[in-house]
Amino acid sequence: MNAVFYISAGVAVLATVMVIVAKNAIHGLLSLLVSLLAVSLIFYVMGAPFIAALEIIIYGGAIMVLFIFVVMLLNLGPAMVDQERQWLPARIWIGPGILALVLVVEMGYVIVRRPNAGISGSVVTPQEVGLALFGLYLLGVELASMLLLVGLVGAYYLGQRRIPPEKGPVAQRGRLP
Amino acid sequence: MLMELWVVPALPLAGFCVLALVGKRLSRWLVAGIGAGSVGLAMVGAIYFSHDFMAFEPTGHLYRESLWTWLNVGGFSPDIGLYLDPLSVVMMLVVTIVGFLIHVYSIQYMAGDEAYSRFFAYMNLFVSSMLILVLADDLLILYLGWEGVGLCSYLLIGFWYQSAANARAAIKAFVVTRVGDTAMAIGLFLLFTQLGTLDIQEVLVRAVRQWPVGSATAIAAAGLLLAGAVGKSAQLPLQVWLPDAMAGPTPVSALIHAATMVTAGVYLIARMHDLFIIAPPVQTAVAVIGAATLVLAGCSAMTQFDIKRVLAYSTISQVGYMFLALGVHAWSAALFHFMTHAFFKSLLFMGAGAVIISMHHEQNMFKMGGLRKQLPFTFWTFLIGACSLASLPLVTSGFYSKGLILWSVWATGHPVLWGAALLGEFITSVYTFRMVFLTFFGEPKGEVSARPGPIILGPLVILAFFSTVAGCVHIPRPLGHFRLFARLVEQALPVPPMQPLPIATEVVFQLLMQGSVLLGVAFAYVLFLRRNDLVAAWTARPAGNALHRFWFSGWGFDWVYTTLLAKPYVWFAHASRDDAFEWIYRGIGAINRGLHEQLSRTQTGLVRWYAVGIVIGAVLLLGLVVFL
Amino acid sequence: MATIPIHYGLLLAALLFVVGLVGVLVRRNILFILMSIEIMLNAAGLAFVVGGARWGRADGQVMVIIILTVAAAEVAVGLALVLRFHGWFKSLDADRASEMRG
């Protein structure tokens, strides 16, 4: 079990790094998918099979498909790869890298300062999750449903094409629709 | 059943709120309907309450309505309440009736104006404030209404604010009345600290109990209140704002600067009569101020060209009569003249307004003339108003009210003041008929561009009716001795200390007064209709010319105030423009500006830049939590 | 049965989070910025699961479900915005949208 965790962790980190350095959007998305699968495996190992399944279905399925659809809709060609190369010179990584390093050191310090403990990986069944979800966290579920509704309305509103893109007045900046 | 009196001031206030909030989106007819309708309903309410008041005769001839307790701190618990007694009944009736007629008149008069809803909003606010003023049972509430009408006066004088002169006139009115209002506020502080209450009736009771007649505190308090009244009512020496206040639309002049607001000072003194009675020097000052004002303003009125300025000076002069009456303890006479004056002076103003719009907004009387034929309706109503102002005998209301004042002045033993008032009568009839002759008689000098419509003429006719018959509520002894008005008012105000003189004396004095009035009319007829050359010859001489200019400028008060007060102040302000304090404040301003510019640079509009900010903040906060 | 130290799980979550953060800060392409945000949300979910697993309770997983809904809503609105953005600016450069600079 441990080996699965370590291997998955390594894959997850590696794949995630590949996402953020990817030049091509589809490549990035595929790496993200790999990362999500690895994280899902970690969930499974930690005794959360339900979440592992949700991770694959929602993240790996629905959300990734959405991303891919958008990439297709935008119809980004090879020009974008060149553009990315131009946008990402080596030096741009320095500042955020240092910031991230400081942050991760701080977080690591916070984590390791606490006493360590083992995770046995005993399974928390979907039944227990469901009971907690619709018992103690019912209000949270309601709020989440509200949020999804807002997201739905917002996406619908933003998605309608009131101004055809070809007429999109890039020249008339300062007057957003 | 006397209840829910608050509806009367609340209705115009509601009209104001509606018009101020959504007035621009309403149609003109709706604006007019709300503006005039709310005042009309208030008038109906006022008539209803007055009828009830007289029919049921509440105990003590007063009715109090406590609305709510404003605050309750350590024994100080001012009630927000209304107070109705015969004095407020008269005020309330006049304010709502005249107010309603002027609102109706304004519907057509202001029809061409862009800011139609703004006009009615201000007018409604004014009526509401005025009703609060006259119905207040607490000096604090009274002061609220007092300042409210001052504010509306300011807003309406400067109604056409695009012209700098109008804005200046508005500021002048506001500042000059502020002098009086400040004095009045100090007077209120004094009353509160000395008597521990501001409830009007309580103040009067405690003042009479606590202060002996002529005590310094009483004199100070009454004097400070008098200063407030003088400022609001445009009496000497604070009368300079009223002629300039004519910059506002004519209905405003009629409502605020003739009929109602300028008489607020009269109301205040009548309301606080007990306080003035225990301060005899102040009482004398009231009478002297009134007498001096009525003569001075009358002289100025004789020299004006602008028809509205004539009426403005005439208003000052007539309010002077009311002050004179107050000064000699003839409370009911003052109130009587207030009522008749409200009718005939608003009639005159509205008639003048009708003339002005018929003449392409020409206000110079010397460019009018001969309008009698062209505007017959306006002419006859105006003439009725003018006769009432000049108090021609028997058929005019001014005859009864001013006759009562003159008789009271004599009968209370003030022959000098009576002489001034008699002179004032003469002057009044001279300038009144000068105005009538110049405007309506003689050769036509300008063309009539538009005839006033029925909505303008209707209120004129109604007011002409009132100007004629309003005098019948009080008929002097020689003519029948009918004292309805005085009996009503004397339920609230003391009876004047008149000597019991024989009726024959009164007849003689009535005849004297009528003699001076008719002499004045004849004088005006000769000078301004028959022998124009006489006036020209007089004013051509250096002495006559100087006197003319002196009177024309309102006895030079403006010049004195400008030279003595305004100019040194402006000089001082200029001199202290660049002192050390200025540097400090400028420095603070500059530092803030610099910091602001630096800060605004961080607003790059770049999302990632903001994300960096969040991360740095998170790192610092986490570092704070972890390492401290 | 061998156990996984909780530190490692949390450190992994922190590492994934920071990698996502670097992505947000470095990339100019808003599509990648959105992906990086997904990574960060996912990392937060991982931390919750680790916490829940430590005590063998369901609460951590409930939190992940809520995070999932947030992520779903966010990505729906976000991607609609991306389409709009591209239609307007003819580019995916986040720095183009700097109309509100001070």
Side-chain angles (χ1 to χ4, degrees), chain A residues 1-2 5 9 12-13 16-17 19-20 25 28 32 36 39 43 46-48 50-51 54 58-59 63 66 70 73-74 84 87 92-93 96-97 100 103-104 107-108 111-112 116-120 122 124 128-129 132-133 137 140 144 147-148 150-151 154-155 158-159 165 168 170 173-174 176, chain C residues 1-12 14-16 18-23 25-29 31-32 35-36 38-39 42 46 49-50 52-54 56-59 61-62 64-66 68-77 79-84 86-90 99:
Chain A
M1 287 300 254
N2 275 8
F5 171 77
V13 173
T16 310
V17 171
V19 175
I20 66 162
L32 183 54
L36 293 173
V39 172
F43 287 165
M46 295 223 167
F50 180 54
I51 296 300
L54 278 185
I58 295 179
Y59 260 117
I63 293 180
L66 259 181
V70 168
L73 276 174
L74 294 177
E84 288 293 331
W87 280 347
I92 204 172
W93 296 91
L103 191 60
V104 84
M107 288 200 286
I111 291 164
V112 299
N116 205 345
I119 295 170
S120 63
S122 58
V124 177
E128 288 174 64
V129 177
L133 196 59
Y137 292 100
L147 180 71
L148 283 174
V150 171
L158 288 168
V170 181
R173 288 181 56 187
L176 285 170
Chain C
M1 194 171 170
T3 57
I4 305 158
I6 189 174
H7 282 175
Y8 289 175
L10 291 176
L11 280 175
L12 175 64
L15 206 60
L16 287 179
V18 165
V19 170
L21 184 65
V22 172
L25 297 187
V26 168
R27 303 303 299 239
R28 281 171 73 174
N29 187 327
L31 208 55
F32 279 94
M35 282 188 218
S36 306
E38 292 303 316
I39 294 169
N42 196 30
L46 178 58
V49 167
V50 171
R54 162 69 182 81
R57 305 241 345 193
D59 306 52
Q61 301 192 27
V62 172
V64 177
I65 290 171
I66 290 173
L68 270 176
T69 50
V70 171
E74 179 254 356
V75 90
V77 175
L79 287 174
L81 273 174
V82 168
L83 285 176
R84 216 60 204 283
H86 191 258
W88 189 259
F89 292 107
K90 297 286 174 231
E99 310 280 339

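Each chain gets a letter, A, B and so on, in the order its sequence line appears, and its residues count up from 1.
The parts of A/Met46 that come within reach of chain C are both its backbone and its side chain, each placing non-hydrogen atoms under 4.5 angstrom from that chain. The part of C/Leu12 that comes within reach of chain A is its side chain, from C-beta onward, which places non-hydrogen atoms under 4.5 angstrom from that chain. Only the side chain of A/Leu32 comes within contact range of chain C, with at least one heavy atom under 4.5 Å from a heavy atom of that chain. Contact annotation for C/Glu38: both backbone and side-chain heavy atoms come within less than 4.5 Å of a heavy atom of chain A. Proximity to chain C is limited to the side chain of A/Ile58, based on heavy atoms less than 4.5 angstrom apart. Residue contact with chain A, scored on non-hydrogen atoms closer than 4.5 Å, involves the side chain of C/Leu21 exclusively. For A/Val39, the part lying near chain C is the side chain, with the backbone staying farther off; criterion is any non-hydrogen pair under 4.5 Å.
Put simply, of A/Ala132, A/Gly118, A/Gly140, the one with the most heavy-atom pairs under 4.5 Å next to chain C is A/Gly118. The residue among C/Gly52, C/Ser36, C/Ala14 with the most heavy atom pairs within less than 4.5 Å of chain A is C/Ala14. Ranked by heavy-atom pairs under 4.5 Å with chain A, the list C/Leu31, C/Asn29, C/Val22 is led by C/Asn29. Annotation: maximal heavy-atom pairing with chain A below 4.5 Å, among C/Val64, C/Val70, C/Val82, C/Leu46, occurs at C/Leu46. Highest contact tally toward chain C, considering only A/Leu147, A/Leu54, A/Ile111, is held by A/Ile111 [criterion: heavy-atom pairs under 4.5 Å]. For the set A/Ala48, A/Gly28, A/Gly154, A/Ala144, the count of heavy-atom pairs under 4.5 angstrom toward chain C peaks at A/Ala48. Note on C/Ile39, C/Leu15, C/Leu25: by heavy-atom pairs under 4.5 Å with chain A, the leading option is C/Ile39. Taking chain A as the reference chain and counting heavy-atom pairs below 4.5 Å, the highest number among C/Pro5, C/Gly20, C/Ala73, C/Ala72 is found for C/Pro5.
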Legend entry - From CA spacing to verdict: side-chain contact (heavy atoms from CB on, under 4.5 Å), A/Leu36, A/Ile63: CA-CA 11 Å; A/Leu36 293 173; A/Ile63 293 180; over 6 Å; no
Inset, instruction - Starting from the C-alpha separation in whole Å, work towards a yes-or-no answer on side-chain contact (heavy atoms from CB on, under 4.5 Å) for A/Leu74 and A/Val70. - result: CA-CA 6 Å; A/Leu74 294 177; A/Val70 168; 3.9 Å; yes
Inset, instruction - Could you walk me through whether A/Ile92 and A/Trp87 pass side-chain contact (heavy atoms from CB on, under 4.5 Å), step by step? - result: CA-CA 9 Å; A/Ile92 204 172; A/Trp87 280 347; over 6 Å; no
Inset, instruction - Show your working on side-chain contact (heavy atoms from CB on, under 4.5 Å) between A/Ile20 and C/Val19 and close with a plain yes or no. - result: CA-CA 8 Å; A/Ile20 66 162; C/Val19 170; 3.9 Å; yes
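Side-chain contact between C/Asn42 and A/Thr16 is absent, with no heavy-atom pair separated by less than 4.5 Å.
With values rounded to the nearest 0.5 angstrom, C/Leu68 atom CG is found 11.5 Å from C/Gln61 atom CD. Taken to the nearest 0.5 Å, the CD1 atom of C/Ile4 stands 6.0 Å off from the CD1 atom of A/Ile119. For the atom pair C/Tyr8 OH and A/Asn116 CG, the distance stands at 7.5 Å (nearest 0.5 Å).
Salt bridge C/Arg27/A/Glu84: present, at least one basic N to carboxylate O contact under 4.0 Å.
Within a 6.0 Å sphere centred on CZ of C/Arg54, heavy atoms belonging to other residues, nucleotides or ligands number more than 12.
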